[in-house]
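All values reported here derive from a predicted model rather than from experimental measurement.
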Amino acid sequence: MTSFYLLLIRSEDGRIWAWLLNWKMQSLWTILKLTRLIDILTKHFDSNDTHTRAMVFSSYRDSVEDLVSQINASSPSLRGAVFVGQSGVRGLKQKQQLETVARFREGVYNVLVATCVGEEGLDIGMVDLIVCYDASASPTRLVQRMGRAARKRSGVIVVMMTQGKEENIYKKSFVQ
């Protein structure tokens, strides 16, 4: 018999988030982290002008799709888009990538959730908030992600991590 639990979390702005879980501790950390991400994005867009943009980096393609789904469902002020590389039948072809970037620059999307394909090589445009959703073991990758912010005006960079594994990965990236 499988047990399910209802998890309720009240965010700083008073919203209540609810999840039905097949209980695993990893699921709890994921939900808490996702809730915090939504809070960070919502506060950013509530306190800035309509021309602000944000990028969220995730190391995993499946996470990117899940994050965009949750971001878009959480608030009408958040308009997220998936930005991943080509990989067989999954992923975005180059033409789709360029269309997504163009829509992001135009403001159709204000949150671009990307894998490493968003780190370099494309003219993404002005980004005021960078969120590294998971820790990267590569200092080069971290610097490239951070380099996306504040090219023409000040910006904010947030590195999210859970205690334990992700925290250790992040610390190792500075030792290399």
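Of all the heavy atoms in Gly85 and Gln97, the pair that sits closest is CA-NE2, 3.3 Å. When every heavy atom of Val64 is checked against every heavy atom of Ser58, the shortest pair comes out as CG2-CB, 3.9 Å. What you find for Ser75 and Thr42 is that their closest heavy atoms are CB-OG1, 4.5 Å. Contact record, Ala81 with Thr100: CB-CG2, 4.0 Å, taken as the closest heavy-atom pair. Considering every non-hydrogen atom in both Thr115 and Tyr60, the closest pair reads CG2-C, 4.2 Å. Annotation for Arg53 and Phe104: closest pair NE-O, 2.8 Å, computed over non-hydrogen atoms.
Put simply, CG on Asp128 and CD1 on Ile157 are 11.5 Å apart, with the number rounded to the nearest 0.5 Å. Taking CE of Met55 as the reference point, atom CD1 of Ile130 lies at 5.5 Å (rounded to 0.5 Å). A distance of 7.5 Å separates CZ of Phe45 from CZ of Arg79, quoted to the nearest 0.5 Å.
Using a 4.5 Å heavy-atom threshold, the side chains of Thr52 and Leu129 count as separate. In this structure, the side chains of Asp134 and Lys33 come closer than 4.5 Å at one or more pairs of heavy atoms. Counting heavy atoms from C-beta on, the side chains of His44 and Ile40 never come closer than 4.5 Å.
Pairs of residues two or more places apart, or lying in two chains, that qualify as salt bridge (charged side-chain N to carboxylate O under 4.0 Å, His left out) and include a residue from residues 54-77 are Asp62-Arg90, Glu65-Arg90.
One N or O on the side chain of Ser74 and one on the backbone of Ile71 form a donor-acceptor pair closer than 3.5 Å.
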